[in-house]
Amino acid sequence: MIVKELLRKKLKAALEECRAAGTLVSAEFPPVVIEIPADPAHGDFATNVAMQLARSEKKAPRVVAAVICDQLAASVDIFEKLDIAGPGFINFRLKPGFWQGLISGMLSAGDSYGHSATGAGRKVQVEFVSANPTGPLHIGHGRGAAIGDTLCRLFAATGWDVSREFYYNDAGQQIANLARSVQSRCLGIEPGDPTWPEDGYQGEYIVELARAYLAGESVTADGKVVTASKDPQDLDGIRCFAVAALRREQDLDLQAFDVSFDNYFLESSLYSDGLVESAVQRIIAKGHTYEQDGALWLKTTDFGDDKDRVMRKSDGGYTYFVPDVAYHLNKWERGFVRVVNEQGADHHSTITRVRAGLQALDAGIPLGWPEYLLHQMVTVMRGGEEVKISKRAGSYVTLRDLIDEVGRDATRYFFLMRKPDSQLVFDIDLAKDQSSDNPVYYVQYAHARICRIFESAAEGNLSAAADQAALLVTVEELDIIRKCAAFPEMVEAAAVNFEPHRITTFLHELAALLHCFYNRHRVLGDDRNLTEARLYLLAAVRQVIANGLALLGVSAPERM
RNA sequence: GUCCCCGUAGCUCAGCAGGAUAGAGCACUUCCCUCCUAAGGAAGGGGUCGGACGUUCGAAUCGUCUCGGGGACGCCA
């Protein structure tokens, strides 16, 4: 139960009662907003509804507030204090018993505390990472993987039926370039040589691929085994081998990052299954195209673009967004009422084109479908300087480099600390720091600390006791309960707004409250009842921290 | 030129479907372990919320303009 929601209902009911009694006369009431005041002295919650009503009531805000307060005080008994403050705020302070009573619900919900049924089992697909198999995953993919994975976890936690999808191109220009690059290495050609392919891939991994190919190795990827033919002239064979090997590498990277997918979708299948051609024909039939300069154009300006775009080039090939449209039509036909594409912000210009293409299909697809979550760039800092070079990839920092150096938990946490809209500076020194300066450890330590207390408690045959909850009356204890009680709405907001960073922020705040409490009060003390009450509280905190970390895909260690 | 994101403490960033003295971490100055892990806590200094105008009882939050920084604008993918 979300406490704010409860209050909102009580307040709405009180307004209606006032109207029935004639003490309020407004024809309509504004949406009731309940907020948590910045200054805790103002109470647990506050509402501005009296100020909003002042105009239609033709009374001073504080007078309106008094009317509402009287009604609330008469009909609801959860308030310890109700008062009117400032220009007309109504401040609420709930009885300690109300807060103490919330703990049992947190513990009985257990691992699902904070979850909701908002999604009502509807299907949502999240497409993320979607890296082409032309090299190891880089740090930008890492951010996308962390954000996309956590978004999936958030959707699952809020009642959606989530499907995780990874889309890649195994046959385009970039792949041909990859094959040529590996072939060149097989033939002993190096970057800089006259015959080295233009824009060839130069990373060390290309050398490794050539070596493996010539050695006749076998790789397994996406359920298929590919064995190298060893023949440097077999460009197609090299392509298949290189793609399989890099897909496998990427899978290992993702596995190390604890990110998994339900479905891998190949761009080539769109062509082989005729989906591109049928989508194009359908758009033509709907009259949204024209021929000009030997090319086929889509009138994207009919759908908000600033100029029309070429669909089929004069050489007969399709431009890159066409298979994307066919792909998304396929997603729609698979029954996903919601689709979220998590991508780097540098792909932002494709959004208008894909949506325009989908509208041109006239397939009943809603205007804002699919949704997009774009993340900004990542820069990596070490020793106060930007890191740009990877030993493996040559020109960029790989996800694997990061995971190997700072660990999975810290890598994920750091990627999720900032809102996707903000550019991210990844400080390797801080991420590796095994101290409280490191926000990951700070949160994990709070969890481990509680676990340790429970171990000590067990040795003294002490355990949490719900019936002593009334003893939890200090500021620190009530602050903790209030924070834990706000967890479900935070999860909801993080899911609705695609904002995983709300979770890291929340966890850091909760951990701070826990550490503060720990330093001011002794849990295992002489007073057995109080000890059991505090253990009861800590059990809830441990659960909330564990649940929050689970949403991030970060471990909750019992010992550190 | 058009579009998107960002601009809040020295640094990295929260806060932004408007609300009551603007927050955290790092860095800096002090202090707290005979006691459940000091990977912790307490206290302190540090701000024209890029700027201007507007809407409002009230703006870091909304609108317009403007100045910075980043990204995207292809018959490349």
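Since the structure is predicted, the reported quantities are computational estimates derived from the model, not experimental observations. Below, chains carry the letters A, B, ... as their sequence lines are ordered, and counting in each starts from 1.
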To the nearest angstrom, how far is His521(A) atom NE2 from C36(B) atom C1'?
14 Å
Using a heavy-atom cut-off of 4.0 Å across all strands, would you classify Ala457(A) as base, sugar-phosphate, or nothing?
nothing
In residues 512-520 of chain A, what residues come within less than 4.0 Å of RNA chain B, judged by heavy atoms?
His515(A), Cys516(A), Tyr518(A), Asn519(A), Arg520(A)
What integer distance in Å separates Glu489(A):CD from A17(B):C1'?
15 Å
Contact class for Asn91(A) vs. all strands (heavy atom < 4.0 Å): base, sugar-phosphate, or nothing?
base
Using the six-membered ring of Tyr518(A), assess whether NZ or CZ of Arg449(A) lies under 6.0 Å from its centre and within 45 degrees of the ring axis.
yes
Taking the same atom, C1', in C49(B) and in G18(B), what whole-Å distance lies between them?
15 Å
Which part of the nucleic acid does Arg502(A) contact within heavy-atom distance under 4.0 Å: base, sugar-phosphate only, or nothing?
nothing
Side chain to side chain donor-acceptor pair (under 3.5 Å) contacts touching residues 57-68 of chain A (sequence neighbours left out)
Ser26(A)-Glu57(A)
Of Glu35(A) and Lys419(A), whose closest RNA chain B nucleotide lies nearer the 5' terminus?
Lys419(A)
Does a donor on one side chain sit under 3.5 Å from an acceptor on the other, for Asp170(A) and Ser268(A)?
yes
Looking at C11(B), which nucleotide sits across from it as a Watson-Crick or G-U wobble partner, both distances under 3.5 angstrom, or is there none?
G25(B)
By the rule that syn is within 90° of 0, classify the base conformation of C62(B) as syn or anti.
anti
Select base, sugar-phosphate, or nothing to describe what Val425(A) touches, counting heavy atoms under 4.0 Å on all strands.
sugar-phosphate
Rounded off to whole Å, could you give me the CG-to-C1' distance for the Leu462(A) and C36(B) pair?
11 Å
So, is Tyr445(A) close to the G41(B) phosphate, meaning a side-chain N or O under 4.0 Å from OP1 or OP2?
no
Hey, which of these two, Phe45(A) or Arg522(A), hits RNA chain B nearer its 5' end, going by closest nucleotide?
Phe45(A)
Protein proximity profile, nucleotides 70-77 of chain B - base contact B, sugar-phosphate-only contact S, no contact -, cut-off 4.0 Å on heavy atoms
SBS-SBSB
Regarding Ala448(A), tell me which of base, sugar-phosphate or nothing describes its non-hydrogen contacts under 4.0 Å with the strands shown.
base
